[in-house]
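Worksheet: one structure, shown below.
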Number of protein chains: 2
Amino acid sequence: MPPSSKPPADASRTVAPRRRQRLSTEERERQIVDGAIQFFSEHGLTGQMRELATTIGVSHPLVFHYFPSKKALIERVYAEVYLGRWKPEWEHRVKDRSEPFEARLTGVYIDYARTILTKEWVRILIHSALADGYINDHYLTLVGERLLRPIIGEARAELGLDDDREPTEAETELIWGLHGGIFYIGVRHWIYGHKFPENLPQVVTDRVRAFMLAAREIFPREAGKPAG
Amino acid sequence: MPPSSKPPADASRTVAPRRRQRLSTEERERQIVDGAIQFFSEHGLTGQMRELATTIGVSHPLVFHYFPSKKALIERVYAEVYLGRWKPEWEHRVKDRSEPFEARLTGVYIDYARTILTKEWVRILIHSALADGYINDHYLTLVGERLLRPIIGEARAELGLDDDREPTEAETELIWGLHGGIFYIGVRHWIYGHKFPENLPQVVTDRVRAFMLAAREIFPREAGKPAG
DNA sequence: CCTACAATTTACCAAGTGGTCAAAAGCGGA
DNA sequence: TCCGCTTTTGACCACTTGGTAAATTGTAGG
């Protein structure tokens, strides 16, 4: 269609005819994944492929050239956002008794909060949870085993209740109250639209303090009970 | 399906010939609204009208006969589920100083938890929050003004800090930590699929206790600060 | 400059999507 | 029994949607 003489080196990057831009496979794929993370966090996993492609600036079949299906793209997003951000050091630090327990817990949760309290992280998790629960089952199992369970163990040790019964309901609820509460800060901001805390470390520190105060009262009460 | 004696030779029809059942306007409308509440809580607000109609056992144009559009039906669902369940007595009890503060707070939150921790309530709220935030803006404003703000006031009075500055960030975060934590119990059960606490009143009582312990430490610290 | 190949797009499909409408059929009243 | 009104539905519409195929075009290597 375009005559031999190329149209003028069209530097006016207006809207009209999309200039076909050829990128390397890696660059384009990166661009699509990044665009998808942004897009799905805003429009949910049911957002349209065409619209996603438009926001990236390409035609929608190109997305299918890089990912065989929408599902495959979504799985890639999961992997990038969730599997990629978990830090094994959290679990290690929780168990490292060279530091006082409350300080360990506070330090870990300040970093955890910084890591997960982002728009993509919070919104995509909720979207996925409502859609099929796929990531949740995976992610929350990880959290429960690698973070919450060790915390219960350390809390018991801290309070001189060292034993390895299964956590009771009250203990489980207490630690989920802390953990879920941190996540809920993100829900309030990125889903409800409330303002984000100005002093996040202080908020987290206060939450951990509240957990410790309650644990000192509730853990001993549970010490003789059968597993919840 | 009763063993009907009238199915004519026309039984060659592929799908089961749905028996046309005529109900009064009120009955049918009630049936549709109830069905919609169930359906939307499971499939989200993007669930299809045809599928909804099928679960109710009618054809989908019938739904449009009762509600002019999908949006109108959804608004009706909001009204039934949220506007209909708020109890003004919560606010009254929070402020009724004839009872000790912690007991009031515990009593209110046990009833509040019983009221909102249902599948429809939790799931539709989250779905709506992700979709457009329409109910949240309304509902959470209600919660903030009628419940959380009075609680902060009563907590200050309880701790001898009676004044009417705007709540500070730390105070706001603390009470939202309690309130959001209660709601999050529902998220864990109806969205994440975790088991529901066997002893909900005990869990709520523990949460309120944790709030009180933390408040005794944090509210006095905030007493001289400018509004957050 | 040309060629070959991969990146990119246009045109298309089949199955769904909310919503409409006129025909069909229960049911109360005569 | 039949009439007439209202509920209920089958058929249909225009638009959306994930996905495909073949044509198109940028560009590296000769």
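All chains are named by letter (A, B, ...) in the order of the sequence lines, taking the proteins before the strands, and each is independently numbered beginning at 1. None of these values were measured; they are calculated from a predicted model.
- Rounded to whole angstrom, the span from the CZ atom of A/R28 across to the C1' atom of C/dT8 amounts to 8 Å.
- One can place CD of A/Q31 at 14 Å from P of C/dA7, the figure rounded to the nearest angstrom.
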Protein N or O to nucleotides 3-6 of chain C N or O, pairs below 3.5 Å:
| unit_1 | atom_1 | unit_2 | atom_2 | d |
| --- | --- | --- | --- | --- |
| C/dA6 | N3 | A/R22 | NH1 | 3.3 |
| C/dA6 | N3 | A/R22 | NH2 | 2.9 |

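- Taking atom CG of A/L52 as the reference point, atom P of D/dG19 lies 12 Å away to the nearest angstrom.
- Listed by chain and residue number, B/R156 satisfy the salt bridge (Lys or Arg N to Asp or Glu O under 4.0 Å) test with B/E171 (two or more places apart in sequence, or in another chain).
- Between A/F39 and A/H43, the angle of the ring planes stays under 30°, which puts this pair in the parallel group of the 30/60° scheme.
- Nearest heavy atoms, B/R104 versus B/V94: NH1-O, 2.6 Å.
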Task: Annotated protein contacts, base or backbone, on nucleotides 15-22 of chain C with a non-hydrogen cut-off under 4.0 Å, one of B, S, - each - done: -SBBBBB-
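- Considering only residues two or more places apart in sequence or on other chains, B/Y66 meets the ring pair (Phe, Tyr, Trp, His ring centres under 6.0 Å) condition with none of them.
- The CG-P distance, from A/L62 to D/dT24, rounds to 18 Å in whole Å.
- Between A/S41 and A/R123, the shortest heavy-atom distance links the atoms O-NE, 2.5 Å.
- One finds no side-chain N or O of B/Y66 lying less than 4.0 angstrom from the OP1 or OP2 phosphate oxygen of D/dT7.
- Residues passing the salt bridge (Lys or Arg N to Asp or Glu O under 4.0 Å) test with A/D96: none are found, sequence neighbours excluded.
- Between B/Q21 atom CD and D/dT6 atom C1' there is a gap of 16 Å when expressed in whole angstrom units.
- Listed by first and then second residue, the salt bridge (Lys or Arg N to Asp or Glu O under 4.0 Å) pairs that reach into residues 35-62 of chain A are A/E42-A/K119, sequence neighbours excluded.
- By the 4.0 Å N-to-carboxylate-O rule, B/R93 lies too far from B/E154 to be salt-bridged with it.
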